[in-house]
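Shown below is the structure under consideration.
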There are 2 protein chains.
Amino acid sequence: MTPASNTPSEPGSQPKGRASIYDVAAHAGVSAQTVSRVANGQTNVRPTTRDRVLESIQALGYRPNSAARNLKSGKFRSIGFVTFNLATLGNEQTLNAVAEASEKAGYTTTLLPVTDPTKLDVAGAFSRLEEQAVDGIILVMSAEVGSLDELKVTLGLPLVIVDSDAMLPYTIVDTDQEQGSGLAVRHLLDLGHRDIVHVSGPEISFSARRRAETYRTTMAEAGLEARPVLVGDWSAQSALALTRELFADGPPPTAVFAGNDQMALGVIHAIRERGLRVPEDVSVVGFDDAEEAAVSWPALTTVHQNFDQVGRNATSLLLSLIDGAPDTRRKVLIPTHLVVRDSTGPVRSGPVPSA
Amino acid sequence: MTPASNTPSEPGSQPKGRASIYDVAAHAGVSAQTVSRVANGQTNVRPTTRDRVLESIQALGYRPNSAARNLKSGKFRSIGFVTFNLATLGNEQTLNAVAEASEKAGYTTTLLPVTDPTKLDVAGAFSRLEEQAVDGIILVMSAEVGSLDELKVTLGLPLVIVDSDAMLPYTIVDTDQEQGSGLAVRHLLDLGHRDIVHVSGPEISFSARRRAETYRTTMAEAGLEARPVLVGDWSAQSALALTRELFADGPPPTAVFAGNDQMALGVIHAIRERGLRVPEDVSVVGFDDAEEAAVSWPALTTVHQNFDQVGRNATSLLLSLIDGAPDTRRKVLIPTHLVVRDSTGPVRSGPVPSA
DNA sequence: ATGAAAGCGCTAACAT
DNA sequence: ATGTTAGCGCTTTCAT
């Protein structure tokens with residue numbers, strides 16, 4: 001059946017390395033072009049020929065070489081995901097959403113870890129990103145990066161920034177920190193709390209600073225005095241230590257707004273150590289709505305952050321940039337919503353909401 | 001200074017697209033070879049020439065095109081990370097470790113998400129992996145995949161499997177599930193518990209099955225009768241529901257071994273709902289040692305799983321395979337250790353350990 | 001120390 | 001419907 005004409009390279013032997021398009025062409029007795037057409041599902045190939053080529057592809061285990069394709073097309077069909085630490089609920093979920101969204105668009109996601117944020121001097125590490133086999137970059141900052149302004153100059157690749165200072169002159173997608181934090185603080189206010197403490201993430205984090213700011217302004221709007229912000233590092237451990245100190249220093253507040261759920265757990269732990277109850281003695285609100293929030297004891301009231309939407313938006317924005325859309329430097333803010341569970345309740349004694 | 005001789009393509013205008021090695025060569029008045037040598041840090045270039053080339057590289061913002069490099073070298077310097085869901089503590093931490101380890105080796109990590117595990121029929125999806133621009137693949141299963149045997153036949157790429165049935169004929173890296181589960185169950189046994197329930201992950205998961213098996217054998221070794229395993233899906237919610245049912249159906253056990261920390265939290269939640277205390281009435285052990293384990297209330301006794309080591313080992317194994325080492329199909333089992341915190345204690349009333 | 005030529009595997013453009 | 005030519009950007013010979 002198959003006209004297995006002998007070629008000098010002995011096609012009958014087992015395949016060394018990988019079969020190229022020429023091997024298939026020789027095996028099927030057609031030109032490389034025809035193989036290419038079959039491999040790419042072009043229509044203008046006679047069914048007989050197509051079948052023969054398909055057989056040869058099978059027989060030789062041929063797979064197109066993506067490097068050659070990339071070289072030819074000038075595209076990689078891959079987007080780069082740059083982050084300083086993956087070990088964060090938000091970053092991880094964002095990555096997950098990005099990976100799924102880009103896969104749907106036929107793109108692959110390449111991780112470009114930058115071990116040390118401060119090492120990200122623009123001249124050095126960043127320009128190296130251009131060599132990577134990616135068509136565009138999603139930069140998840142979650143922390144400050146020096147001289148970002150030069151980025152635009154240095155980086156010759158489409159760029160979308162996630163979780164960042166929305167003042168930056170780039171296309172940005174982020175959770176609406178202000179809206180979310182307002183929700184949390186006003187919830188406590190509505191429950192009658194007047195003495196509310198905020199335990200925040202690290203200074204270096206934009207979102208942490210934004211949440212702390214909103215805590216202060218919302219308190220001010222209510223005509224209340226904000227307590228000094230307790231600055232942690234997102235970890236439950238840091239919140240635990242901070243809250244212990246707080247209790248050691250003076251009377252406990254009636255409510256705590258924690259910068260994330262992890263820290264909320266740490267706060268709750270410290271409250272219990274002190275012999276107090278949640279929410280009867282102290283109410284606690286978190287931020288993120290991580291999986292454990294629903295099953296902690298008590299179930300945590302928290303601000304739900306929609307990382308999936310952040311990731312999907314960032315991806316589609318980047319993809320359109322890659323497709324040549326002009327960079328309009330849009331800021332997309334993804335709204336949050338409050339999930340009220342059992343860690344918050346009305347103040348036990350003291351002023352009741354005006355009603 | 002610079003002999004900016006005019007070429008037909010008007011090099012003086014702003015760079016359309018990207019500067020190639022030829023543009024730099026023309027700009028510096030040397031051959032492409034010399035540029036290549038400078039770019040790759042070869043020594044045999046006269047300092048004067050080198051400087052001139054370097055200047056041109058700067059001026060034109062030249063970055064080597066990785067597609068061309070890849071095509072030439074036949075390597076991508078990237079490893080593929082295949083998983084069915086990233087949204088798992090273990091997978092995420094493993095990915096993190098893989099990304100870091102491969103970055104250190106000068107490799108990039110490419111995410112190859114497979115949305116539906118059951119869709120991973122070998123003939124289809126898997127052979128497509130070969131087209132990806134990767135030199136090898138780390139497959140994180142955490143669940144069963146049909147006809148894996150054909151994998152070897154189909155996949156022409158170095159492969160390391162993580163978190164899997166260690167019986168498979170591949171190079172495998174995994175947490176030592178047996179050792180870990182033994183630690184957990186024997187810890188409860190040592191505390192005098194005799195009535196221990198196991199809440200497991202889903203049947204489809206190898207590690208879940210392995211942990212359940214070890215629970216049964218360890219109980220048997222102690223001459224005790226195992227309770228029917230409560231099969232959940234790793235989520236706290238599932239454990240919560242399962243434990244509620246358990247309590248509704250009969251007398252509570254004195255201890256629970258949960259298949260992971262999330263489920264342990266769900267179990268604890270259910271115990272409390274029932275008006276019982278942890279660990280006074282019921283002891284609970286988890287598995288993973290996730291961050292929240294240390295700060296949950298009470299702090300969770302759990303089996304620490306070293307995902308970092310799993311990821312690092314998988315990476316170095318894969319890298320050596322890529323470098324041409326023969327596939328010896330080693331099984332590397334990473335040991336765990338027990339972290340005793342506050343969720344376990346001696347049985348209140350009942351048999352005391354023989355001593 | 002430097003350059004010229006060839007080719008990695010693929011596909012767009014142009015024949016036939 | 002199929003084949004031929006050329007070239008993507010780089011690096012490995014092999015000169016010089």
Side-chain angles (χ1 to χ4, degrees), chain A residues 3 9 15-54 56-57 60-77 130-133 135 156, chain B residues 3 7-9 11 15-54 56-57 60-77 130-135 156:
Chain A
S9 56
K16 291 278 173 198
R18 233 166 129 124
S20 84
I21 200 170
Y22 291 107
D23 300 326
V24 178
H27 187 274
V30 297
S31 77
Q33 202 39 235
T34 304
V35 178
S36 172
R37 285 192 261 256
V38 171
N40 293 358
Q42 316 254 76
T43 47
N44 47 344
V45 180
R46 193 190 308 152
T48 337
T49 315
R50 169 183 305 280
D51 288 348
R52 198 145 35 88
V53 171
L54 250 18
S56 300
I57 287 180
L60 271 47
Y62 166 74
R63 304 287 157 210
N65 176 319
S66 55
R69 272 191 176 162
N70 293 340
L71 178 56
K72 184 71 186 157
S73 68
K75 299 279 171 199
F76 297 97
R77 299 205 71 78
E130 286 189 303
E131 307 184 28
Q132 298 298 339
D135 302 311
Chain B
T7 71
S9 56
K16 291 278 173 196
R18 232 164 128 125
S20 85
I21 199 170
Y22 291 107
D23 301 326
V24 178
H27 188 274
V30 298
S31 77
Q33 269 359 282
T34 305
V35 178
S36 173
R37 285 192 261 259
V38 171
N40 294 355
Q42 315 254 78
T43 46
N44 47 344
V45 179
R46 193 190 309 152
T48 335
T49 316
R50 168 182 305 278
D51 288 349
R52 197 146 36 90
V53 171
L54 250 19
S56 300
I57 287 180
L60 270 47
Y62 166 74
R63 305 287 157 210
N65 177 319
S66 56
R69 272 193 176 159
N70 294 340
L71 177 57
K72 186 70 187 157
S73 67
K75 300 278 170 199
F76 297 98
R77 298 204 73 78
E130 285 190 303
E131 308 184 28
Q132 298 298 339
V134 299
D135 302 311

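Just the heavy atoms: all of them, side chains too, but no hydrogens, waters or symmetry mates, feed the values below. Residue numbers start from 1 in every chain, and the chains themselves are labelled A, B, ... in the order their sequence lines are given, proteins ahead of strands.
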- Grab the CD1-P distance between I57(B) and dG9(D) for me, whole Å please. 16 Å

- Message: With rounding to the nearest 0.5 angstrom, report the CZ to CZ distance, R77(A) to R69(A).
- Response: 10.5 Å

- Sidechain-backbone polar pair: N40(B) side chain, Q42(B) backbone, donor-acceptor under 3.5 Å: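 The answer is no, because no donor-acceptor pair under 3.5 Å joins these two groups.
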
- Kindly compute the distance separating OH (Y62(A)) from CD (E131(B)), expressed to the nearest 0.5 Å. 8.0 Å

- If you look at every strand shown and take non-hydrogen atoms under 4.0 Å, does S73(B) touch a base, only sugar-phosphate, or nothing?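 The answer is nothing, as S73(B) stays clear of every strand by at least 4.0 Å.
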
- Let me know, please, whether A67(A) or N44(B) comes out on the 5' side of the other along DNA chain C by nearest nucleotide. N44(B)

- Only one of L54(A), V38(A), I57(A) clears side chain to side chain contact (heavy atoms under 4.5 Å, CB included) with V24(A); which?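 Between V24(A) and the candidates, side chain to side chain contact (heavy atoms under 4.5 Å, CB included) is satisfied uniquely by I57(A).
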
- Message: What's N65(A) touching, base or sugar-phosphate or nothing? Going by heavy atoms closer than 4.0 Å.
- Response: sugar-phosphate

- Item | N/O donor-acceptor pair, side chain R37(A) with base dG3(D), under 3.5 angstrom |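 A donor-acceptor contact between them is present.
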
- Whole-Å distance separating the CD atom of Q42(B) from the P atom of dT12(D): 7 Å

- By nearest-nucleotide position on DNA chain C, the 5'-leaning member of Q33(A) and T49(B) is T49(B)

- Query: Does a nitrogen or oxygen in the side chain of R46(A) sit under 4.0 Å from OP1 or OP2 of dT2(D)?
  - Reply: yes

- L71(A) CG to S66(A) OG distance, which is reported to the nearest 0.5 Å: 11.5 Å

- For atom CG of N40(B) and atom P of dG9(D), their distance in whole Å: 17 Å

- Item | I21(B) side chain near S36(B) side chain, heavy-atom distance below 4.5 Å | yes

- Round to the nearest Å and state the distance from R69(B) atom CZ to dC8(D) atom C1'.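 That distance rounds to 16 Å.
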
- Query: Mapping Y22(A) and T43(A) onto DNA chain D by nearest heavy atom, which one lands closer to the 5' end?
  - Reply: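 Between the two, 5'-proximity favours T43(A).
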
- Task: Could you list where the contact with chain B starts and ends along DNA chain C, reading 5' to 3', using a 4.0 Å heavy-atom cut-off?
- Result: dA1(C) to dG9(C)

- Distance below 4.0 Å between T34(A) side-chain N/O and dA1(D) OP1 or OP2: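 No, T34(A) has no side-chain N/O under 4.0 Å of OP1/OP2 on dA1(D).
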
- Task: Let me know the distance between CD1 of I21(A) and P of dT5(D), rounded to the nearest Å.
- Result: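 Value for this atom pair: 17 Å.
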
- Task: Please determine if a side-chain N or O atom of S20(B) lies less than 4.0 Å away from the OP1 or OP2 oxygen of dG9(D).
- Result: no

- Message: Expressed as a whole number of angstroms, how long is the span from L71(B):CG to dG7(D):C1'?
- Response: 12 Å

- Task: For A68(B) and for V30(A), locate the closest nucleotide of DNA chain D by heavy-atom distance; then report the residue assigned to the nucleotide nearer the 5' terminus.
- Result: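 Nearer the 5' end of the strand: V30(A).
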
- May I have the distance from N70(B) (atom CG) to dT11(D) (atom P), rounded to whole angstrom? 11 Å

- Task: Any chance you could measure R37(B), atom CZ, to R50(B), atom CZ, to the nearest 0.5 Å?
- Result: 11.0 Å

